[in-house]
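Below, each value reflects all heavy atoms present in this structure, side chains not excepted, and no hydrogens, waters or symmetry copies. Throughout, numbering of the chain's residues begins at 1 and tracks the sequence.
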Amino acid sequence: MLAALAGEVRPRPPFWLMRQAGRYLPEYRELRAKAGSFLDLCYNPDFAVEVTLQPLRRYDMDAAILFSDILVVPHALGQPLAYLEGEGPKLDPIRGVEDLKRLSRDRFHETLAPVYETVRRLSTAIPAQTTLIGFAGAPWTIACYMVEGAGSKEYAHVKRWAYGDPAGFGRLIDLIVEVTADYLCRQIEAGAETVQLFDSWAGVLPVGEFRRWVIEPTRRIVALVKANHPDTPIIGFPRGAGHAYEDYVADSGVDAVGLDTTVSPVWAARNLQTRLPVQGNLDPIMLATGGKALATATRDILEALAGRPFVFNLGHGVIQSTPPEHVAELTRILREWPNRG
Ligand SMILES: Cc1c2[nH]c(c1CCC(=O)O)Cc1[nH]c(c(CCC(=O)O)c1C)Cc1[nH]c(c(CCC(=O)O)c1C)Cc1[nH]c(c(C)c1CCC(=O)O)C2
């Protein structure tokens with residue numbers, strides 16, 4: 001995985017899956033029930049280490065991703081957060097500059113100390129050849145949740161703030177940039193070997209706003225992290241960026257880019273810098289579907305991106321209804337590649 005991220009072409013690409021730990025695994029559901037709340041799971045290193053290791057035991061991926069959530073960052077800034085059963089995350093929304101007073105960095109690292117402890121323990125708990133991935137949400141996506149207070153279809157509140165009061169909204173983004181860079185540095189210092197920035201809602205912005213609120217804040221985080229850790233590769237995942245993927249990779253400074261489900265791997269192979277490692281991008285629903293469709297789609301991606309540095313992954317996270325056997329089947333296809341079965 002680290003070789004691929006450094007630009008080496010591997011005959012069999014390394015792989016891991018976004019949301020490889022989670023509700024599709026019965027052992028996760030069991031531990032989740034024991035932990036009580038989802039945040040208890042994230043902030044308890046015993047539980048978080050165990051959940052991180054669960055998919056590795058079954059499938060031996062090339063990388064482990066720290067078990068946590070992107071929303072622990074607003075939570076550690078003092079924004080109340082709850083995960084409601086079947087409804088997803090809910091935060092007390094921040095709707096303007098006045099509300100920024102409700103946020104504070106005073107207890108940021110103290111709140112996140114269990115996350116750093118989880119990374120530290122994982123760095124010795126996982127096999128030496130398995131890469132440990134740390135992560136954070138990118139500022140735009142974090143701001144989406146902080147301002148809307150939940151997932152949204154339109155992202156109208158956050159957009160109206162960003163478009164109508166860019167200076168005020170910029171203060172929220174600045175805060176997220178600074179604490180996120182710090183947060184990633186601490187994860188790296190605790191043992192994370194690479195970090196991924198999830199920008200799940202990058203795709204909702206028009207081009208000028210995309211540059212201002214996706215590319216620029218990402219570029220600043222990359223620069224801040226690289227100032228301390230120049231050798232740690234940073235993977236950017238600007239989901240839904242469409243043709244703006246080219247500007248994103250040219251200007252954000254990320255070392256590798258995650259492709260979402262809608263990006264044609266053939267387009268990526270032709271249009272993204274040939275030395276740039278890419279990651280992706282099987283449709284999670286294809287994994288849930290299984291069978292011939294899964295095998296064909298997987299091999300199409302492998303074929304399109306053979307010959308360039310590449311990390312196989314999904315185009316978004318594993319969905320809950322995915323049969324664990326389908327992940328086993330995918331693993332078999334990837335391990336047999338490039339020998340067709
Ligand atoms: C937007 C976002 C979130 N979280 C994350 C993103 C970015 C990627 C993406 O777009 O999916 C990232 C994330 N969330 C989780 C991880 C853990 C590591 C992994 O295995 O990938 C990672 C990397 C665990 C989780 N995060 C969450 C769960 C499910 C919680 C549960 O057990 O009930 C898990 C395993 C909860 C969560 N957390 C979030 C939402 C919208 C939800 C609810 C939806 C859902 O439940 O799938 C915010």
Side-chain angles (χ1 to χ4, degrees), residues 35-45 47-48 66-119 134-187 195-202 204-205 213-214 217-218 220-221 224 239 317:
S37 79
F38 175 66
L39 277 177
D40 289 333
L41 203 58
C42 293
Y43 288 139
N44 178 322
F47 290 153
L66 158 70
F67 189 82
S68 182
D69 196 71
I70 62 167
L71 299 178
V72 297
V73 163
H75 186 243
L77 288 171
Q79 192 174 13
L81 166 67
Y83 292 83
L84 306 181
E85 217 45 66
E87 282 187 58
K90 294 276 180 293
L91 299 117
D92 290 0
I94 303 278
R95 289 281 159 86
V97 197
E98 274 303 298
D99 290 343
L100 294 177
K101 291 192 196 114
R102 308 210 308 255
L103 304 174
S104 160
R105 301 179 201 213
D106 293 353
R107 305 191 53 179
F108 186 77
H109 291 303
E110 190 187 320
T111 307
L112 296 172
V115 176
Y116 309 138
E117 176 60 20
T118 300
V119 175
F135 72 91
W140 168 252
T141 288
I142 293 297
C144 283
Y145 284 100
M146 291 179 83
V147 176
E148 301 294 336
S152 161
K153 270 212 181 92
E154 311 266 311
Y155 288 97
H157 292 286
V158 65
K159 284 183 170 187
R160 268 148 62 175
W161 186 7
Y163 301 173
D165 172 25
F169 183 70
R171 283 176 51 197
L172 174 61
I173 291 289
D174 288 348
L175 173 65
I176 303 170
V177 164
E178 287 163 23
V179 296
T180 300
D182 250 18
Y183 179 50
L184 291 174
C185 285
R186 298 256 184 148
Q187 290 182 34
V195 292
Q196 176 155 321
L197 272 171
F198 287 90
D199 219 341
S200 305
W201 301 110
V204 303
L205 288 173
W213 306 120
V214 170
T218 300
R220 286 165 60 204
I221 291 177
L224 288 164
R239 191 170 74 93

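- Contact annotation: the side chain of L175 never approaches that of L100 to less than 4.5 Å [non-hydrogen atoms, C-beta and beyond].
- Within a 6.0 Å radius of CZ in R160, other residues, nucleotides and ligands contribute 12 heavy atoms or fewer.
- Summarising the geometry, atom CZ belonging to F198 is positioned 8.0 Å from atom CD1 belonging to I70; distances are rounded to the nearest 0.5 Å.
- Here NE2 of H75 is found 10.0 Å from SG of C42. Values are rounded to the nearest 0.5 Å.
- Distance OH/Y43 to OG/S37: 10.0 Å, rounded to 0.5 Å.
- Here the CG atom belonging to L81 is positioned 9.5 Å from the CG atom belonging to D92, to the nearest 0.5 angstrom.
- Residues meeting the salt bridge (Lys or Arg N to Asp or Glu O under 4.0 Å) test with R102, sequence neighbours left out: D99.
- A search for ring pair (Phe, Tyr, Trp, His ring centres under 6.0 Å) contacts involving Y155 returns W201, not counting sequence neighbours.
- In terms of heavy-atom proximity, F67 sits nearest to A48 at CB-O, 3.7 Å.
- The side chain to side chain donor-acceptor pair (under 3.5 Å) analysis of residues 77-86, with sequence neighbours excluded, yields the pairs D69-Y83.
- A 4.5 Å side-chain heavy-atom check between W140 and V158 finds at least one atom pair inside the cut-off.
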Report task. Applying side chain to side chain contact (heavy atoms under 4.5 Å, CB included), run through M146 and L103 and close with a yes or a no. Result -> CA-CA 11 Å; M146 291 179 83; L103 304 174; 3.7 Å; yes
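- Side-chain atoms of Y183 and F135, non-hydrogen and from C-beta on, never get closer than 4.5 Å to each other.
- The salt bridge (Lys or Arg N to Asp or Glu O under 4.0 Å) test applied to D174 returns R220, not counting sequence neighbours.
- When all heavy atoms are compared, the tightest approach of F108 to L77 is CD1-CD2, 3.9 Å.
- Nearest heavy-atom pair, Y145 versus P89, reported as atom, atom and distance to 0.1 Å: CE2-CG, 4.3 Å.
- The only option from T118, V72, D182 that meets the side chain to side chain contact (heavy atoms under 4.5 Å, CB included) definition with L112 turns out to be V72.
- Listed by chain and number, the residues in a salt bridge (Lys or Arg N to Asp or Glu O under 4.0 Å) with K153 amount to none (sequence neighbours excluded).
- Distance check, rounded to the nearest 0.5 Å: CG of L184 to CG of L197 gives 5.5 Å.
- The two residues P139 and V177 come nearest to each other via the heavy atoms CG-CG2, 3.8 Å.
- The minimum heavy-atom distance linking A202 with T141 is given by the pair N-OG1, 4.3 Å.
- The closest donor-acceptor contact from the side chain of R95 to the backbone of V147 lies under 3.5 Å.
- By the salt bridge (Lys or Arg N to Asp or Glu O under 4.0 Å) test, E110 pairs with R107, sequence neighbours left out.
- Here the CH2-CD1 distance, from W161 to I94, works out to 7.0 Å after rounding to the nearest 0.5 Å.
- Annotation: side chain of V97 is in contact with side chain of D165 (closest heavy-atom distance under 4.5 Å).
- For the residue pair A162 and F169, the shortest heavy atom distance occurs at CB-CD2, 3.5 Å.
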